[in-house]
There are 2 protein chains.
Amino acid sequence: MSETGRPSVLIVEDESALCTLLRYNLEREGYRVFEARNGDEALVVAAESSPDLIVLDWMLPELSGIEVCRRLRARGESRNVPIIMLTARGEETDRIRGLDTGADDYIVKPFSMSEFLARSRAVMRRVRPGLVEDVIALGDINMDRVNHRVHRGTRELHLGPTEYRILERLMQNPGRVFSREQLLDTVWGTEVYVEARTVDVHIGRLRKTLNQSGERDPIRTVRSAGYSFDETFAN
Amino acid sequence: MSETGRPSVLIVEDESALCTLLRYNLEREGYRVFEARNGDEALVVAAESSPDLIVLDWMLPELSGIEVCRRLRARGESRNVPIIMLTARGEETDRIRGLDTGADDYIVKPFSMSEFLARSRAVMRRVRPGLVEDVIALGDINMDRVNHRVHRGTRELHLGPTEYRILERLMQNPGRVFSREQLLDTVWGTEVYVEARTVDVHIGRLRKTLNQSGERDPIRTVRSAGYSFDETFAN
DNA sequence: GAATCCCGTCATTAATCTGTTATATTGAGA
DNA sequence: TCTCAATATAACAGATTAATGACGGGATTC
């Protein structure tokens, strides 16, 4: 079963060795990793997997890194995804600095892995606080992702693995509506085939545990669209 | 993903072999390790990862160790981070001693790993008490890491090496859930290949010894996630 | 060198979770 | 208010996951 609720990264890099190294280290840090070998592939994978962060090599065969960057920025889905550029020393460094490429940060090769990881974390924290935050607190609901504990007020909740992950996903993006299909993709993973209605059942179970004592339901059903964590609940 | 509750160290060292050695041993001790190859990188990584301790080579290409030290001290974020200097024998030793470099301690190369770890622990104990204590006491369980003795109440427990290390790892971070893979990495090491389920067996053995007299079980199983030392047990 | 201890694996059992389906309920639009 | 599609819920069987006991081999100790 694929682990989810994790921040995901798309690596766009044609040099295979570097790619593997980055993947290894990012996965060690708890990221989910996608790869693309060239610009075209990058656009496809970005659209399909909608990563939380894109690491983009400046020098790519065919479509250049900067062009990929532009196209990603032009599309709705990927417009706000942070991008870290990898550049060789001296290679257009100043132009990158000056140009509005739309990249959020860039790193000059060769770079140390810890520097790279530190920057990734920094970018991620800035753009998606919920994704890398250790504890997420919304209203009287508190999820500690390090200790794997969920509290409503002082009451500790016992959630099954799937319920936990669904809640995690919803709380990471309060207010955002997830379709059943999206939840299946991110919570269950793309490999498994599960009936869409199954999501309803788990949402039901989650609600039951969440609202045991008759509290206000923090999960909003959006008819014919999906579910979301009610953002008005957080206040 | 940012891991908290774990002491972190930044190694600034251009000699790759030494760097690897230090990293290996520090990680074994439960530290989170960042690396930098030169002074500039050190400043960047220090700012981004805000380590609890910096191990700084005196001789660095470009920016010298002492200069890095000064700059770190000049900046708000890193002003109070303890620094351990690594120096070659005879190399400016007296001047370091005399100068107000801002370093907290220094070690002359070559040095024994246990001396290095002892000093790191000493510095860390000052800055992050609790994470590197010689004796860890949680509830009625007491682990003396110097004498390698574990007591539950007055009863001394006999643990095998592996059980001891697992318990150590768990007690260093009460509450934090470790996956089987993480435990394998930190307790067994990354080189050996061991079945993930083997962790279960050792946890079982640990529990058996821990709860001989029918006491409350301090180890929490988190289904499909791993194990943790129950932090509510400590109260 | 024998005895002991410790370890890793496996098979079995126990506990818990999961996906599906059938049925009830809800809600929006006619 | 009625209708119909969408959602909620309960129940169940099967699947996963964890706990436990047993065993052989290898290391360690005396």
Side-chain angles (χ1 to χ4, degrees), chain A residues 1-5 148 150 156-170 177-212 214 216-228 230, chain B residues 148 150 156-170 177-185 187-212 214 216-228 230:
Chain A
M1 177 171 341
S2 99
E3 285 182 78
T4 49
H148 268 259
V150 180
E156 175 162 8
L157 309 180
H158 177 73
L159 299 175
T162 307
E163 278 90 70
Y164 180 90
R165 270 184 258 124
I166 292 177
L167 181 62
E168 184 179 28
R169 192 91 186 107
L170 295 181
V177 178
F178 291 91
S179 70
R180 282 159 243 274
E181 287 70 25
Q182 285 175 320
L183 285 174
L184 285 173
D185 275 359
T186 58
V187 172
W188 275 260
T190 47
E191 303 89 11
V192 247
Y193 282 93
V194 173
E195 217 46 54
R197 292 271 132 232
T198 301
V199 175
D200 299 28
V201 177
H202 280 279
I203 289 283
R205 287 169 179 157
L206 179 53
R207 279 183 169 138
K208 193 182 200 172
T209 311
L210 237 32
N211 314 328
Q212 266 165 339
R216 170 173 169 204
D217 183 11
I219 294 179
R220 187 166 61 108
T221 301
V222 182
R223 194 159 236 259
S224 78
Y227 300 96
S228 83
D230 190 340
Chain B
H148 268 254
V150 180
E156 175 161 6
L157 309 180
H158 177 71
L159 298 174
T162 308
E163 279 89 70
Y164 179 88
R165 304 200 61 198
I166 292 177
L167 182 61
E168 182 181 28
R169 191 95 186 91
L170 295 181
V177 175
F178 292 92
S179 70
R180 282 159 241 273
E181 286 71 24
Q182 285 174 321
L183 286 174
L184 286 173
D185 274 1
V187 172
W188 276 261
T190 47
E191 303 87 11
V192 272
Y193 178 74
V194 174
E195 210 59 45
R197 290 271 142 230
T198 301
V199 175
D200 298 29
V201 179
H202 280 279
I203 288 283
R205 287 168 180 160
L206 180 52
R207 278 184 170 136
K208 194 186 215 170
T209 311
L210 237 31
N211 314 328
Q212 267 165 339
R216 170 173 169 204
D217 183 11
I219 294 179
R220 183 169 66 112
T221 301
V222 181
R223 190 165 237 254
S224 84
Y227 299 95
S228 82
D230 190 338

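Protein chains get the first letters and strands the later ones, always in sequence-line order, with residue 1 at the start of each. Nothing here was measured: the structure is a model prediction, and the numbers come from that model. Atom set for the values below is all heavy atoms of this structure, side chains included, hydrogens, waters and symmetry mates excluded.
Taking for each of B/Val222 and B/Lys208 the nucleotide of DNA chain D with the nearest heavy atom, the 5'-most of the two is the partner of B/Val222. Comparing A/Tyr193 and A/Pro161, the nucleotide of DNA chain C nearest to each residue sits closer to the 5' end for A/Pro161.
As a whole-Å value, the separation of B/Ile203 CD1 from C/dC7 C1' is 15 Å. Separating the CD atom of A/Glu181 from the C1' atom of D/dA6 is a distance of 13 Å, rounded to the nearest angstrom. If you take CZ of A/Arg223 and C1' of C/dG29, they are 10 Å apart, rounded to a whole angstrom. Distance, A/Glu191 CD to C/dG19 P: 14 Å, rounded to whole Å. Taking atom NE2 of A/His202 as the reference point, atom C1' of C/dT18 lies 5 Å away to the nearest angstrom. One atom, OH of B/Tyr227, and another, P of D/dT17, lie 13 Å apart when rounded to the nearest Å. As rounded to whole Å, 13 Å separates atom C1' of D/dT17 from atom CZ of A/Arg165. When rounded to the nearest whole Å, the span between CZ of B/Arg180 and C1' of D/dA19 equals 11 Å.
Side-chain N/O atoms of B/Arg207 include one lying less than 4.0 angstrom from OP1 or OP2 on D/dA19. Contact annotation: B/His158 reaches the phosphate of C/dC6 (side-chain N/O to OP1 or OP2, under 4.0 Å). Dashed line: the shortest gap from a side-chain N or O of B/Thr221 to OP1 or OP2 of D/dA19 is under 4.0 Å. When the side-chain nitrogen and oxygen atoms of B/Trp188 are compared with OP1 and OP2 of C/dC7, none of them lie within a distance under 4.0 Å. The side chain of B/Thr162 contributes an N or O atom lying less than 4.0 Å from OP1 or OP2 of C/dC7.
Counting non-hydrogen atoms under 4.0 angstrom, B/Tyr164 reaches nothing in the nucleic acid. Contact annotation for A/Arg197: base contact, defined as any heavy-atom pair under 4.0 Å involving a base atom. Within the 4.0 angstrom heavy-atom criterion, base atoms lie near A/Thr198.
Checking A/Asp200, A/Asp217, A/Asp230 one by one against A/Arg207, the salt bridge (charged side-chain N to carboxylate O under 4.0 Å, His left out) holds for a single residue, A/Asp217.
When distances run from any side-chain atom of B/Val194 to the nucleotides C/dT18, D/dA10, C/dT9, the shortest one goes to C/dT9. Candidate nucleotides C/dT18, D/dA8, C/dT9 were compared by shortest atom distance to the side chain of A/Asp200, and D/dA8 ranks first.
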Going through the checks in order, is the side-chain contact (heavy atoms from CB on, under 4.5 Å) test met by B/Glu181 and B/Val199?
CA-CA 9 Å; B/Glu181 286 71 24; B/Val199 175; over 6 Å; no
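Annotation for A/Gln182 and A/Phe178: closest pair OE1-CA, 3.4 Å, computed over non-hydrogen atoms. Among all heavy-atom pairs drawn from A/Asn211 and A/Pro218, the shortest one is OD1-CD, 3.4 Å. Closest approach of A/Arg165 to B/Ser224, counting heavy atoms only: NH2-OG, 4.5 Å.
Summary for the helix from C/dG1-D/dC30 to C/dA30-D/dT1: the axes at its two ends, each from 5 pairs, differ by 40° when rounded to the nearest 10 degrees.
A donor-acceptor contact under 3.5 Å links the side chain of A/Arg205 to the base of C/dG19.
The line from CD1 of A/Ile203 to CG of A/Leu170 is 5.5 Å long, rounded to the nearest 0.5 Å.
Between B/Trp188 and B/His202, the ring-plane angle classifies as perpendicular under the 30° and 60° cut-offs.
Put simply, the side chain of A/Arg169 never gets that close to the backbone of A/Leu183: no donor and acceptor are under 3.5 Å apart.
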